[in-house]
Amino acid sequence: MLIAKVIGTTVSTIKDEKLHGRKLLILRQTDETGAPSGKPYVAVDTVDAGIGDLVLTAAGSSARQTNITKDTPVDAVIMSIIDSLEVDGKVVFRKS
Amino acid sequence: MLIAKVIGTTVSTIKDEKLHGRKLLILRQTDETGAPSGKPYVAVDTVDAGIGDLVLTAAGSSARQTNITKDTPVDAVIMSIIDSLEVDGKVVFRKS
Amino acid sequence: MLIAKVIGTTVSTIKDEKLHGRKLLILRQTDETGAPSGKPYVAVDTVDAGIGDLVLTAAGSSARQTNITKDTPVDAVIMSIIDSLEVDGKVVFRKS
Amino acid sequence: MLIAKVIGTTVSTIKDEKLHGRKLLILRQTDETGAPSGKPYVAVDTVDAGIGDLVLTAAGSSARQTNITKDTPVDAVIMSIIDSLEVDGKVVFRKS
Amino acid sequence: MLIAKVIGTTVSTIKDEKLHGRKLLILRQTDETGAPSGKPYVAVDTVDAGIGDLVLTAAGSSARQTNITKDTPVDAVIMSIIDSLEVDGKVVFRKS
């Protein structure tokens, strides 16, 4: 899984029928302290994440292993909102 | 999913039989404002996208979860045309 | 899918039994005009491609969706020979 | 598989129901001597790995081939703790 | 598939039960002449490869399509030992 920050939202009228009612958020991968970098990607939200949240995303066929994404043409899913991250014994991120 | 811009088309006579009648478009990944960069890739169009459109593409086995791509040897699918993108509360892209 | 140029061939005696009789070609990814760059990779040929041809390759489980590659331990397949590529309304590649 | 070092832990209250009771660790890929570099990623621990351990992780659908990760929306799993690595006839890493 | 050189071995006592008796080798991807570069990765050997051999590896779910790796949490398999590589009509690698 990747640690990623939710940075935005997408709006789309024309889409595969299985995507209707799905919330697709824009994310940017972060390092282990929550600092974002790199190109954005889009994932289906299954945990009611909000802008600014640090989350975990799963990619590939694993993205289809939730009730919301089963048999859906999506390759990334937000399946966890991060409360805190600890590296080498120190808390490096805590959700505010 | 990746945000990508449709930049071109491919023509092919000799191909796997399951690809007959499929429209394969050339795309380039973009950032969250729709600015393209990087190498191009090719995806099956399932939403009647046109040159210049900003779209979402799904990769891997997820690309085969549409009626058009089921059991087909394709690893990328266009399954949504983007109307608008909003980042940190501001609209950064709107389809013209 | 990736646009790639066929640059060579592999010969192998010791291999998984499902690979016997399969033609494995060496490719290099290209940009949208057919100019190659980057590291080479190897794919199973299902369309009788030749050295110098520009082709499309599908990766991952999608590579196993042809009659030739079903249930085979291969992660890339050539499933189309490109006749021409058109970008922004101009033909940028035509098979000679 | 990737050789990776366990560098931290994640805590998460809101998550997919299949993730309850799963331990998700933060890792960083290493070279063949165990020296880490690059961006971190997160994997489910199935072998009771600890901070500082060098481990092997499997990605994609392969990450769901353990009893602990079956049908779970995770795309990386720790399935082995490395005792030692030998390169070109010399031991380059030994677990302390 | 990737062309890769076998550079080492891994030893591991604590691991998923399906990995018992499996030989996991360390590899480095090469170019089309067999020159290695980049980060190492680990694959299950199914063809009795040795240190220094040039091999082909398949990744992802394709890595589980051999008798030895079926249903196993591994994402890379060595399924062929390369005898020779020919690029643009010239032999650029021959197994010694």
Side-chain angles (χ1 to χ4, degrees), chain A residues 2 4-30 34 36-46 49-55 57-79, chain B residues 1-6 27-39 41 43-50 53-72 74-95:
Chain A
L2 299 180
K5 189 165 193 165
V6 181
I7 63 167
T9 56
T10 67
V11 176
S12 191
T13 314
I14 302 172
K15 56 189 162 187
D16 188 86
E17 58 184 14
K18 295 180 197 166
L19 291 171
H20 284 281
R22 298 291 165 262
K23 188 169 71 164
L24 274 71
L25 296 179
I26 310 174
L27 301 117
R28 203 183 297 279
Q29 188 181 351
T30 75
S37 67
K39 282 191 183 171
Y41 62 102
V42 172
V44 178
D45 178 26
T46 68
I51 303 294
D53 278 348
L54 213 60
V55 298
T57 64
S61 59
S62 300
R64 303 196 309 271
Q65 307 295 315
T66 73
N67 291 335
I68 289 175
T69 54
K70 194 165 181 291
D71 300 327
T72 302
V74 297
D75 63 8
V77 68
I78 301 172
M79 54 5 149
Chain B
M1 280 70 69
L2 299 181
I3 306 170
K5 190 167 194 164
V6 181
L27 301 118
R28 204 184 296 278
Q29 189 181 350
T30 75
D31 66 14
E32 70 273 27
T33 68
S37 69
K39 283 192 181 170
Y41 62 101
V44 178
D45 179 26
T46 67
V47 289
D48 203 19
D53 278 347
L54 212 60
V55 298
L56 291 178
T57 63
S61 59
S62 300
R64 302 196 309 272
Q65 307 294 316
T66 73
N67 292 335
I68 288 175
T69 54
K70 195 164 179 292
D71 300 327
T72 302
V74 298
D75 64 7
V77 68
I78 301 172
M79 52 8 147
S80 172
I81 298 175
I82 295 173
D83 293 330
S84 64
L85 297 171
E86 193 175 306
V87 173
D88 293 329
K90 291 203 294 198
V91 175
V92 291
F93 170 81
R94 193 180 300 276
K95 187 171 167 30

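Chain letters run A, B, ... following the sequence lines, proteins first, then strands; residues in each count from 1.
Under the 3.5 Å distance criterion, with hydrogens and angles disregarded, no donor-acceptor pair is assigned to the side chains of Thr66(B) and Thr46(B).
For Ile7(A), the parts lying near chain B are the backbone and the side chain together; criterion is any non-hydrogen pair under 4.5 Å. For Leu56(B), the part sitting under 4.5 Å from any heavy atom of chain A is the side chain, from C-beta outward, and nothing else. Interface residue Ala43(A): only backbone heavy atoms are found under 4.5 Å from chain B. With a 4.5 Å cut-off on non-hydrogen atoms, Leu24(A) touches chain B through its side chain but not through its backbone. Looking at Val44(A), both its backbone and its side chain come within 4.5 Å of chain B, counting heavy atoms on both sides. With a threshold of 4.5 angstrom between heavy atoms, Thr72(A) approaches chain B through N, CA, C or O but not through any side-chain atom. For a residue to count as touching a neighbouring chain, one of its non-hydrogen atoms must lie under 4.5 Å from one of that chain's; by this rule Ile14(A) touches chain B with backbone and side chain alike.
No donor-acceptor pair closer than 3.5 Å links the side chain of Thr57(B) to the backbone N or O of Ile78(B). No donor-acceptor distance shorter than 3.5 angstrom exists from the side chain of Ser84(B) to the backbone of Arg94(B), with no hydrogens or angles considered. Formation of a donor-acceptor pair under 3.5 Å by the Thr69(A) side chain with backbone atoms of Ala63(A) is found in this model. In this structure a side-chain-to-backbone donor-acceptor pair under 3.5 Å is present from Asp75(A) to Met1(B). Looking at Asp83(B), its side chain does come within 3.5 Å of a backbone N or O of Thr13(A) through a donor-acceptor pair. Side chain of Asp16(A) to main chain of Lys18(A): a donor-acceptor pair is present (N/O by atom type, distance under 3.5 Å, no hydrogens or angles).
When each of Leu27(A), Val6(A), Leu19(A) is scored by its heavy-atom pairs under 4.5 Å with chain B, the top score falls to Leu19(A). Among the candidates Leu2(B), Val92(B), Asp88(B), the residue making the largest number of heavy-atom pairs closer than 4.5 Å to chain A is Asp88(B). In terms of heavy-atom pairs under 4.5 Å with chain A, the best-connected choice from Lys90(B), Glu32(B), Arg64(B) is Glu32(B).
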